[in-house]
Amino acid sequence: MGGGLSSALNAAKTSLEVNQKSIEIVGNNISNVNTEGYSRQSAELSTYPAVNFGDFFIGQGVKVANVKRDHDVFVTNQLRDKVVEYGLFDGQTRSLSELERVFNITEENIATDVDRFFDSWQELSASPSDLVLRDIVIQRGELLSTNFNNTANDLLTVQENINDSIVSKLEEVNSQIEEIASLNQSIFNIEIRGQMANSARDKRDMLANDLASSLGAESYENLDGMLSVNLPGGLPLVQGIQPMSIEANTSGASLNLELHAGSVVRPLNENLLGGEFAGLIDMRDNFIPALQEDLDRLAYEISSQVNFHHASGYGLDGSTGLSFFSGPTAVSTTPPAPVPADYANAARSMSVVLADSNQVAAATATPVAPGDNRNALTISNIGETYLVDGIDDFNSYYGKMTSRVGIRANQNQLNLEGSQDAVNQLENLRDGLTGVSLEEEMIDLIVYQRGFESSAKFLSTVDEMMQTLLTVKR
Amino acid sequence: MKVTENTTYRMLQTNLDRITNRLEDLRIQGSTGIKLNNPSDDPASIRPVLTTRTQLRTTERYLETMGVSLDKMQATDGHLEHVENILQRAKEIGINAINEANNVQDLGVLADEVSFLKEELLDSANGMVDGKFIFAGYQENTVPFVENTAYSDAAYDPADSTTWPIFYQGDGHPTQLEITPGEYMEVNLTGNELFMGINNTAVQAGGPTDVTAYSSDPGGTDVFSALQRLEDAIRSGNVNDPALAGGGIEQGLDNIDIAADQNRRLRSQLGNRARRVESAMTNQENVSNDLEQILSRYQDADAIETFNEIIKQETAFQAALNITAKVSDISILNYL
């Protein structure tokens with residue numbers, strides 16, 4: 001039985017080692033309780049192969065077969081899907097709040113200036129030869145133009161800010177893509193030897209989540225343990241250990257994204273992207289240009305209507321046929337509905353061209369009588385009587401644009417909250433399945449401590465037995 | 001499935017964030033008194049708010065315009081009253097000249113007085129408000145009535161204004177102002193209508209008035225001619241011979257009556273318009289109040305509701321904070 005005792009010593013040794021190892025793992029779990037993306041690890045225990053002893057199989061102790069991490073593919077994938085949505089809405093949030101500031105609804109906005117401009121004509125009608133009132137008409141026109149100029153510039157600034165944030169995020173995105181590729185390599189190297197690359201996998205999962213949020217990237221694991229990452233349009237970001245890169249191509253003021261895959265360059269539009277980038281590019285390329293077009297249209301319509309009526313009237317000095325605003329030249333017949341080419345950039349270039357207050361055409365007839373206020377009355381009524389597309393007067397047209405911003409911002413806010421809830425719930429679910437719970441770790445700690453204590457007790461018992469044996473013969 | 005510390009704290013954090021955001025919104029509403037601070041707060045009310053603001057501003061403008069109109073009308077009415085008095089006095093003098101046994105000197109004195117009345121009338125007719133002639137139509141910088149230096153009693157022809165003692169240099173355009181949406185109101189009277197009995201349409205159609213021959217409308221008369229002719233008749237003692245100087249005092253008196261009627265008729269017209277302006281002002285003030293109410297309904301926060309909501313959210317916030325603090329109290333570590 002002597003061999004029996006020493007093999008018992010051996011079994012006790014393995015048990016001591018395994019419990020100690022397990023406590024180390026518990027300790028590591030506790031250390032990483034606040035580490036983002038960390039999955040709880042645990043020791044997978046298995047017995048040493050039993051030895052055939054006469055008629056018996058006797059166990060030879062325990063060993064740590066593997067250190068595995070808790071992982072749930074289903075929740076991980078669901079989370080990755082939801083994160084794409086969250087990124088999309090999150091990407092639009094900042095531009096939308098900037099747009100809400102540009103199209104504000106306080107007392108000072110374009111609608112107010114439109115009102116004030118036409119109001120100054122109404123005021124002039126009560127005293128048409130008053131040079132001060134005539135100056136005020138010109139000044140109000142200038143303020144209105146300036147407000148249009150500023151709003152058009154603000155829209156450009158919002159677009160530029162979007163470009164800036166795209167460029168600043170590109171570097172991070174590219175380094176994440178490279179990191180996934182190199183993690184693929186190291187995971188492959190580790191796992192080919194039969195071990196689990198737990199922390200590398202945690203890290204890779206987190207990077208894939210980040211890419212899902214920023215680019216809407218889809219990812220799936222290959223049989224060899226490598227993670228392939230694609231753009232939602234199917235273009236590859238990581239293939240095996242090969243990273244691609246996304247580059248910004250700036251030509252003039254416009255910024256286009258390109259995917260560099262080896263020597264192949266593919267242009268990226270918002271249909272090939274997802275997540276935050278898609279949100280940003282959708283705002284930049286679709287939503288804001290539509291607002292710009294409407295703003296230009298509004299500026300153009302105001303200018304052409306005022307110019308038309310202004311040109312048909314007479315100034316104090318007998319001048320006639322003069323434009324009030326820059327842009328559309330005064331025509332002698334009712335201006336036709338403009339086509340987009342007519343009003344391109346109208347808001348940004350709007351200005352008052354009439355310089356001399358004597359030329360403000362308040363009169364309808366020549367020779368000009370100083371008290372003739374008929375044209376001033378006509379112009380003052382354009383704001384109420386003229387309808388853009390036969391539907392909206394100037395202010396409701398502006399109101400429509402502002403509501404559009406409001407509706408989009410409002411929806412985005414709701415969507416963002418909704419997807420944030422979903423992401424939170426899924427993160428909680430993931431934590432519930434794979435996260436570190438201190439209670440659990442504490443209990444494990446007790447379990448392994450007791451295991452260690454029992455093994456030690458066992459060891460000392462075997463030792464005593466050996467002592468007893470040794471004292472048999474003196 | 002287990003509950004981890006991270007889950008708990010994430011949940012608490014999300015809720016605290018949400019409550020503080022809501023509190024922030026409510027506090028903005030409470031401190032500004034406005035619930036519509038951003039387009040996204042209520043996109044549906046943006047258009048009504050902008051339209052209502054526009055209407056409010058135009059209403060204010062209409063009220064101001066009507067104020068200006070009333071001023072002009074009052075000034076005009078003051079002149080019209082003066083004209084009334086002048087004509088009254090002229091009639092008294094005319095009657096005096098017929099009834100009393102006057103000698104040539106007496107008649108001369110009476111005629112001089114009529115002549116002074118004519119001057120006075122001319123002053124009124126050239127009256128100004130704000131440095132502008134009020135009876136000159138659109139020609140507000142031109143003296144509307146000037147003397148015809150070539151006037152002679154013999155050449156006088158009631159059907160030809162170029163033979164009348166006073167020429168009119170204004171035009172036939174009364175000033176129109178917009179007092180309510182789409183309603184234009186004539187806020188003054190033109191000199192041709194008031195003092196010469198020539199309607200505006202005729203004057204607008206014709207050229208410069210001192211060279212074009214006009215005649216007064218039926219039932220109207222040239223007030224200056226009436227006074228001039230009366231003066232001439234009195235001076236020559238012609239009581240009722242139409243062929244002699246001034247056409248006779250009696251006819252002159254008839255003419256003065258016609259002139260006074262013309263003045264009264266236009267004065268009452270102006271009075272009616274002033275009353276219309278006054279009622280329109282009251283109306284627009286009501287409209288303005290209504291619009292303020294509409295605007296307020298769309299954009300103003302209900303103070304009581306807001307403060308109630310703030311208290312509600314603050315309570316929720318406190319509860320959430322309490323729970324957050326309690327979470328760390330309970331731990332397995334206390335029992336090991």
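Each chain gets a letter, A, B and so on, in the order its sequence line appears, and its residues count up from 1. What you are looking at is a predicted structure, and each value in this text was computed from that prediction instead of being measured.
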With a 4.5 angstrom heavy-atom cut-off, is it the side chain or the backbone of [X] that approaches chain B, or both, or neither?
X	value
A:T112	both
A:N381	side chain
A:I446	side chain
A:D392	side chain
A:T106	backbone
A:D70	side chain
A:E427	both
A:Q413	side chain

For the pair B:T51 (side chain) and B:R47 (backbone), establish whether a donor and an acceptor sit closer than 3.5 Å, ignoring hydrogens and angles.
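It does hold such a pair.
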
Please confirm whether the backbone N or O of A:L124 pairs with a side-chain atom of A:S127, one donor and one acceptor, at under 3.5 Å?
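Here the side-chain-to-backbone pair does not exist.
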
Describe, in one word, how the ring planes of B:F135 and B:H79 are oriented to each other, choosing from parallel (under 30°), tilted (30 to 60°) and perpendicular (over 60°).
perpendicular

Could you tell me which portion of B:R61 (side chain, backbone, both or neither) has an atom closer than 4.5 angstrom to a non-hydrogen atom of chain A?
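It is both, since atoms from each part get that close.
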
Under 4.5 Å from any heavy atom of chain A - which part of B:E60
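Neither part; nothing is under 4.5 Å.
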
Which one, B:L50, B:L177, B:T54, leads in non-hydrogen pairs under 4.5 Å with chain A?
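The candidate making the most pairs under 4.5 Å is B:T54.
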
Pairs of heavy atoms under 4.5 Å with chain A: top-ranked of B:R53, B:M11, B:Q299, B:K132
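Maximum pair count with chain A is reached by B:R53.
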
Could you tell me whether A:E439 and B:K2 make a salt bridge, using a distance below 4.0 angstrom between a side-chain N and a carboxylate O?
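Looking at A:E439 and B:K2, the cut-off is not met.
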
Does the pair A:R116/A:D113 count as a salt bridge with the N-to-O cut at 4.0 Å?
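Looking at A:R116 and A:D113, the cut-off is met.
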
Ring centre gap for B:F195 and B:Y168 strictly below 6.0 Å:
no

Taking all heavy atoms of B:M73 and all of B:A274, pick out the closest pair and write down the distance.
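Heavy atoms only, the tightest pair is SD-CA, 3.5 Å.
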
Ranking A:N104, A:V33, A:D115 by heavy-atom pairs under 4.5 Å to chain B gives rank one to A:D115

Within a strict 4.5 Å, meaning less than it, do heavy atoms of the B:K35 and B:D41 side chains meet?
no

